[in-house]
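Everything on this sheet refers to the single structure shown next.
For this chain, numbers begin at 1 and follow the sequence in order. In this text the structure is predicted, and so the values were computed from the model without any measurement.
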Amino acid sequence: MKEKISAILKTLPERPGVYLMRDIDGKIIYVGKAIKLKRRVSSYFRHSHSSPRLNKLVELIEDISIIRTETEAEALIVEAKLIRRYSPFFNIELKMSDKYPFLKITNEDYPRLEITRHKREDGALYLGPFVDAGNIRNLMRLAERYFPLRVCRSKISPDKNKRPCVEYNLGRSMGACAALCSQSEYRERVADLILLFEGKSAELVERLRERMNEAAKNLEFEKAATCRDTIRAVWKLSRQKISSALQEDLDNETWKVLNRVQEILGLKVLAWRIDAFDISHTHGHDTYGCCVVFEQGRPSPNLYRRFKIRSLKDGEINDFASIYETVKRRYAHVMDNSEPAPQLALIDGGPEQLEYAQRAIKELGYEIPMIALAKREELIFLPDNPEPLRLERDDIALQLFQRLRDEVHRYAITTHKNARAKHMRHSRLDDIPGIGRKKAAELLVKFGSAKKVSELSVEELQKVSGIGPKLAKIILENLNRDYETAKSF
């Protein structure tokens, strides 16, 4: 066995993932998947093989890189994408389009959902490829129960006098043929399905939540309950963490960047998914810790997370404690399998911020390669390394780190601005018992501010319609107590 290959095999994890084998020119000659990377890749080199083709492959291998994934299903999808993208010589016999199925939404006025192994130029929308076992079955089961489309192949001509089919009576159709739903309602159902199959759970749940609230408002409780149950089912399925970023092909430039990051940081695996952290506040008020996620070198907004800092008093400034809390809460979710695990984390800051982030993951018993990026000189700090890493400004790895840092900074600022705007829209009158939002708004329109309301007498305030002497007294007591408290500070 070649010395370089032997050294690589020792570093491989017993985790799911994809392995890429390269020849002496760096060309990818084989792509494979594994439930346990170390065991599978090592098996190629343990003994000779009966297949001359396999022996030739082993002879040509000069380098091996891996992409560690969260699940076997994710590894299967990544493998299929890479084989179609690079057509490695030793994968030619694997007809990936035949092996992995697509979900097809037909190009019709009232589309149907089909499973197919052949992607054609027919105007239909193809989603996938997907694993042909558990993952696709779970998706289809959820679709049939909560987002059913028509199953008949005949052309639809809605007719109110037509009797709906038995599928409608079983709750497996919207009854489009009998004009029991409009085309726009049907298309809305199709849009829901696309979000589901693309892995955009957060966006889908938001759409469902709006419908649930609207149904409850209109006293359509059965419809609201259906939306609620659908939301629960979608969240449950989304824990399988099939990334939406995996639906796109990798380009050669992305490969160069990810390989460069692995090289300069000495990572054991390719940094397929990267977290970045930042803190935002105004003089210690409304402090938020934020995390953005890049997959394949691109933002994945559905995985972004924000954390309202709990460990600090209002007005207290401590970025180190904030980073510690944010990182700890983030990876607690990763450890309980409610969030996907990254292969690298980037902290916006210097060695001090990195130290606190390291302390957080050590207390959790979690391990992840971590770096900090200091903005002024763009120095990269690594744990247990007193000397920072300085890259050229045109280095593609540094440019990726800068994009991560800039995106998490933007997200943190936006989060903080939204929180401030929410506070500004909130009046102290809203917190007083006995006053609803409508009455609070009426008082603000009439008198201009809560401060001016506090300067009124009980007699003046009870002239407002709906406010008697008792409520007027409660309002003034609450407002004046708050302003007196504020003065003491």
Side-chain angles (χ1 to χ4, degrees), residues 257 261 264-267 271 273-294 297 299-300 303-313 315-334 339 341-364 366-393 395-417 419:
V257 175
V261 169
I264 63 170
L265 298 181
L267 302 178
R273 183 182 290 116
I274 307 176
D275 285 356
F277 294 88
D278 193 15
I279 304 297
S280 183
H281 62 82
T282 300
H283 306 300
H285 300 285
D286 290 322
T287 304
Y288 281 87
C290 293
C291 174
V292 303
V293 182
F294 274 31
S300 282
L303 295 178
Y304 288 12
R305 297 293 180 263
R306 60 175 68 90
F307 302 90
K308 182 75 169 71
I309 299 302
R310 304 167 180 163
S311 57
L312 303 180
K313 297 177 181 177
E316 183 180 356
I317 300 175
N318 190 329
D319 285 353
F320 304 140
S322 299
I323 279 289
Y324 168 85
E325 180 182 333
T326 303
V327 170
K328 195 167 188 177
R329 288 169 64 184
R330 167 65 171 170
Y331 292 117
H333 291 307
V334 172
E339 296 286 353
Q343 289 77 49
L344 177 66
L346 181 147
I347 308 297
D348 182 16
E352 295 86 1
Q353 283 87 350
L354 181 61
E355 181 185 345
Y356 276 80
Q358 285 281 296
R359 186 183 303 175
I361 61 170
K362 285 177 182 176
E363 289 182 8
L364 283 172
Y366 187 71
E367 293 184 7
I368 179 176
M370 189 174 281
I371 63 173
L373 181 61
K375 190 169 185 178
R376 181 175 297 176
E377 298 182 53
E378 305 291 34
L379 298 176
I380 300 169
F381 293 90
L382 292 83
D384 305 318
N385 193 334
E387 292 299 320
L389 179 64
R390 188 190 298 270
L391 300 178
E392 296 295 329
R393 296 282 174 154
D395 191 293
I396 55 177
L398 176 61
Q399 291 172 354
L400 173 60
F401 296 153
Q402 289 170 329
R403 290 201 303 274
L404 274 154
R405 190 263 319 283
D406 293 344
E407 175 63 3
V408 74
H409 185 66
R410 180 203 64 77
Y411 183 60
I413 293 296
T414 301
T415 295
H416 183 68
K417 282 182 177 178

Under 3.5 Å: donor-acceptor pair, side chain of E316, backbone of K313: yes
By salt bridge (Lys or Arg N to Asp or Glu O under 4.0 Å) - contacts of E363 (at least two apart): K328
With sequence neighbours excluded, residues passing side chain to side chain donor-acceptor pair (under 3.5 Å) with E407: Y304, R410
Close side-chain approach of L312 and S322, heavy atoms under 4.5 Å: yes
Who pairs with E387 by salt bridge (Lys or Arg N to Asp or Glu O under 4.0 Å), at least two apart in sequence or on another chain? none
Please find out if less than 6.0 Å separates the ring center of Y356 from that of F277. no
Applying side chain to side chain donor-acceptor pair (under 3.5 Å), can you list everything that pairs with D395, at least two apart in sequence or on another chain? R260
Is there a side-chain contact between L346 and F401, using heavy atoms and a 4.5 Å cut-off? yes
For R305, salt bridge (Lys or Arg N to Asp or Glu O under 4.0 Å) partners two or more places apart: E339
For residues L373 and I347, determine if any side-chain heavy atom of one lies less than 4.5 Å from a side-chain heavy atom of the other. no
Residues at least two apart in sequence or cross-chain that pass salt bridge (Lys or Arg N to Asp or Glu O under 4.0 Å) with R359, listed by chain then number, are E355
For a 4.5 angstrom cut-off between non-hydrogen side-chain atoms, does I368 reach P342? yes
Heavy atoms, side chains only, cut-off 4.5 Å: are L404 and V408 in contact? no
Check whether any side-chain heavy atom of F381 sits under 4.5 Å from a side-chain heavy atom of Q353, and report yes or no. no
Test D278 against I413 for side chain to side chain contact (heavy atoms under 4.5 Å, CB included), laying out the working first. CA-CA 9 Å; D278 193 15; I413 293 296; over 6 Å; no
Hey, is K308 close enough to E325 for a salt bridge, meaning N to O under 4.0 Å? no
Would you mind reporting whether I380 and P388 have side-chain heavy atoms less than 4.5 Å apart? no
Student check: side-chain heavy atoms of L354 and I371 closer than 4.5 Å: no
Measuring from atom SG of C290 to atom OH of Y411, what distance do you get when rounded to the nearest 0.5 angstrom? 5.5 Å
